[in-house]
Number of protein chains: 2
Amino acid sequence: MSIGNLSQLDRALFGLRSLVMNGEFEGGQRLPEVAVAKQLGTSRTPLRQAMDRLVAEGLLERIETGGCRVATFTRDDIADAIEVRGVIEGTAARMAAERGVSADLLGQANDALEGIDRALEASDGLNFECYVRRNAKFHALLAKFSGSALIRREIERMSLLPLASPSAFLSEQAAMPGFQESLRYAQRQHRAILEAITNREGARAEALVREHARLALINLNYLTDVQPTLVKDVPGLALLAST
Amino acid sequence: MSIGNLSQLDRALFGLRSLVMNGEFEGGQRLPEVAVAKQLGTSRTPLRQAMDRLVAEGLLERIETGGCRVATFTRDDIADAIEVRGVIEGTAARMAAERGVSADLLGQANDALEGIDRALEASDGLNFECYVRRNAKFHALLAKFSGSALIRREIERMSLLPLASPSAFLSEQAAMPGFQESLRYAQRQHRAILEAITNREGARAEALVREHARLALINLNYLTDVQPTLVKDVPGLALLAST
DNA sequence: ATGCAATAAGATGTATACAATTGGTGTGAA
DNA sequence: TTCACACCAATTGTATACATCTTATTGCAT
């Protein structure tokens with residue numbers, strides 16, 4: 001359990017999550033414990049723990065007669081997950097506005113947004129890696145703003161669902177037409193959200209965050225309808241029901 | 001795994017949840033696996049599975065150096081849990097209004113509300129048991145209305161948290177002054193919620209459900225401030241931090 | 001007396017053996 | 001040919017033994 005030396009449970013958890021997300025298993029089929037344990041180089045005990053956790057995450061589902069199968073998601077499922085993430089993040093923003101946020105935290109959020117500005121104005125057009133990092137930072141701060149550990153955990157939880165996280169589609173979005181314009185739109189929303197929270201405008205903050213989350217929906221639709229060839233590159237998209 | 005013959009995991013899960021909810025363990029102390037396993041009459045393997053699930057439910061928390069401890073909740077934690085339940089139930093109601101609900105389901109909800117009416121008008125003043133049952137039924141239908149399995153699961157999940165469920169305080173509420181008047185107020189909210197959903201008024205339905213959830217907060221405050229002697233009778237209230 | 005270190009006891013993490021249940025396959029009869 | 005029943009293989013659920021890591025206690029040195 002030392003640093004950099006993972007426990008068997010962590011190895012099984014990361015390994016299995018990665019296998020499932022990358023679509024290594026046929027959707028709906030049962031995961032045979034012995035075979036998967038051998039594949040991951042661990043025993044059944046930590047593997048079963050890992051499976052329990054992935055069931056809790058929603059990535060696997062229990063079979064009544066025993067064992068687990070890979071969960072499959074319809075596009076409606078993913079849309080609902082994105083909507084719920086937006087709703088809870090929106091609640092975090094509203095609470096932040098209502099209860100007030102420390103100047104230190106507000107400053108950190110402002111720093112993150114300035115970092116995004118710099119990433120957008122980079123000399124070579126866009127510093128993509130920097131954008132992704134600062135975007136994740138801003139969303140993490142938003143969850144923290146609420147002052148509620150429960151809210152923060154719930155947002156993290158929803159973001160674990162495949163394709164529901166704030167940066168789920170960022171890596172492949174680069175191929176989209178109007179990509180940079182979309183990032184600039186998102187950044188204006190970021191600014192407005194932070195302004196609303198600072199001004200203690202709870203309803204405005206909540207509505208803005210909800211709308212902001214729906215950007216992920218647009219990307220989902222683009223990837224599945226217009227550019228299905230990219231599907232293989234987006235982690236978790238393999239779990240989308242083929243219908 | 002036959003009917004009525006629980007698996008060891010279920011036995012451990014129900015038993016441990018009950019022990020924790022009833023405050024059999026000192027808050028914050030580590031749960032010794034061997035001792036608890038012996039107490040529950042099972043081995044460590046299913047007990048550890050049960051502990052993992054209770055961690056996912058939020059009832060236990062992991063200790064960094066190994067093992068689990070009983071989670072403690074501040075009143076703010078419980079207030080946040082109630083708020084989040086209200087927010088997600090509100091989203092379910094809004095989605096129901098936006099997407100439409102089948103006449104069959106609407107009819108079932110109406111039946112539940114008529115059952116509550118009858119319970120409130122019983123000759124001996126109040127049929128309490130009937131009220132509780134129909135109230136739970138109405139809230140379950142509300143979750144179902146959304147048409148989203150994810151939403152339904154998240155509402156169930158939030159309702160598992162101690163004191164966050166729609167009927168968490170009902171059993172002890174009888175000792176409150178103005179108790180029946182409070183139930184009538186709640187029932188008027190029920191009617192308004194159903195009307196808003198039927199009329200496809202999403203924003204109204206969402207706002208009403210949020211306000212409805214806050215009734216639980218009032219009961220929480222009453223129990224902890226005015227009638228702390230009742231604390232022992234409410235399951236889960238033992239987990240409230242004594243501060 | 002206090003602080004640190006070492007040791008021992010006890011707890012958790014992991015592997016594996018065994019039991020019980022499931023699911024498939026093959027054979028037989030209608 | 002098809003359905004049913006039985007048997008066998010394979011898989012999951014459970015218990016337990018073992019290894020590793022905590023943690024508390026004791027003793028020693030300052």
Side-chain angles (χ1 to χ4, degrees), chain A residues 1-20 23-72, chain B residues 1-20 23-72:
Chain A
M1 210 175 293
S2 59
I3 307 174
N5 205 1
L6 296 167
S7 70
Q8 293 299 97
L9 167 59
D10 286 337
R11 204 192 317 277
L13 187 57
F14 298 149
L16 183 55
R17 193 191 281 123
S18 163
L19 286 176
V20 171
E24 295 285 326
F25 301 102
E26 292 302 316
Q29 98 181 21
R30 175 144 83 185
L31 294 184
E33 294 179 0
V34 281
V36 176
K38 203 173 75 175
Q39 188 173 357
L40 293 172
T42 182
S43 82
R44 279 180 59 216
T45 305
L47 172 66
R48 292 182 104 245
Q49 277 184 277
M51 287 169 116
D52 278 345
R53 295 232 198 152
L54 293 185
V55 166
E57 282 183 18
L59 215 59
L60 303 181
E61 52 190 25
R62 246 174 267 285
I63 303 176
E64 303 72 22
T65 60
C68 296
R69 70 165 70 94
V70 176
T72 58
Chain B
M1 210 176 291
S2 59
I3 306 176
N5 205 3
L6 297 168
S7 69
Q8 292 300 98
L9 167 59
D10 286 337
R11 203 191 318 279
L13 187 57
F14 297 148
L16 183 55
R17 192 192 281 122
S18 163
L19 286 177
V20 171
E24 295 285 326
F25 301 102
E26 292 302 315
Q29 96 181 22
R30 174 142 83 188
L31 294 184
E33 294 179 359
V34 281
V36 177
K38 202 174 77 176
Q39 188 175 356
L40 292 174
T42 182
S43 82
R44 279 180 61 215
T45 305
L47 172 66
R48 293 180 107 248
Q49 277 184 277
M51 287 169 117
D52 278 346
R53 294 232 197 152
L54 293 185
V55 166
E57 283 183 16
L59 216 59
L60 304 181
E61 51 191 23
R62 245 173 268 285
I63 303 176
E64 304 70 22
T65 60
C68 295
R69 70 164 69 92
V70 176
T72 59

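Since the model is a prediction, treat every value here as computed from it, not as a measurement. In what follows, every chain begins at residue 1, and chains take the letters A, B, ... in the order their sequences are listed.
Between Val34(A) and Ile63(B), the residue anchored closer to the 5' end of DNA chain D is Val34(A), taking for each the nucleotide with the nearest heavy atom.
The two residues Ala12(B) and Leu47(B) come nearest to each other via the heavy atoms CB-CA, 4.1 Å. A pairwise comparison of heavy atoms in Val70(B) and Leu60(B) identifies CA-CD2, 3.9 Å as the closest pair. Nearest heavy-atom pair across Gly58(A) and Ala71(A) is O-CB, 3.7 Å. Of all heavy-atom pairs between Arg53(A) and Arg62(B), the closest is NH2-CZ, 3.2 Å.
Put simply, CG on Leu47(A) is 9 Å from P on dT12(D), counting in whole angstrom units. Regarding Glu64(B), its CD atom lies at a distance of 13 Å from the C1' atom of dT22(D), rounded to whole Å. If you take CG of Leu40(B) and P of dT14(D), they are 14 Å apart, rounded to a whole angstrom. Per the geometry, CD belonging to Glu33(B) stands 14 Å off C1' belonging to dA15(D), to the nearest Å. Following rounding to the nearest Å, Met51(B) (CE) and dA11(C) (C1') show an atom-to-atom distance of 11 Å. Between the P atom of dA15(C) and the CG atom of Leu9(A) lies a distance of 11 Å, rounded to the nearest Å. In this structure, the CD atom of Gln49(A) is 17 Å from the P atom of dT12(D), given to the nearest Å. Residue Arg30(B) contributes atom CZ, which lies 9 Å from atom P of dA11(C) at whole-angstrom precision.
Taking only side-chain nitrogens and oxygens, Thr42(B) comes nearer than 4.0 Å to OP1 or OP2 of dA15(D). The side chain of Thr65(A) contributes an N or O atom lying less than 4.0 Å from OP1 or OP2 of dG23(C).
Between the side chain of Arg30(B) and the backbone N or O of Gly66(B), at least one donor-acceptor pair lies under 3.5 Å.
Separating the CG atom in Leu31(A) from the CD atom in Gln39(A) is a distance of 10.0 Å, to the nearest 0.5 Å.
Around CD of Glu26(B), the count of heavy atoms belonging to other residues, nucleotides or ligands within 6.0 Å does not exceed 12.
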Can you name the atoms? Protein N/O to nucleotides 16-20 of chain D N/O, anything below 3.5 Å, with the distance.
unit_1  : atom_1 : unit_2   : atom_2 : d
dT16(D) : O4     : Thr45(B) : OG1    : 3.2

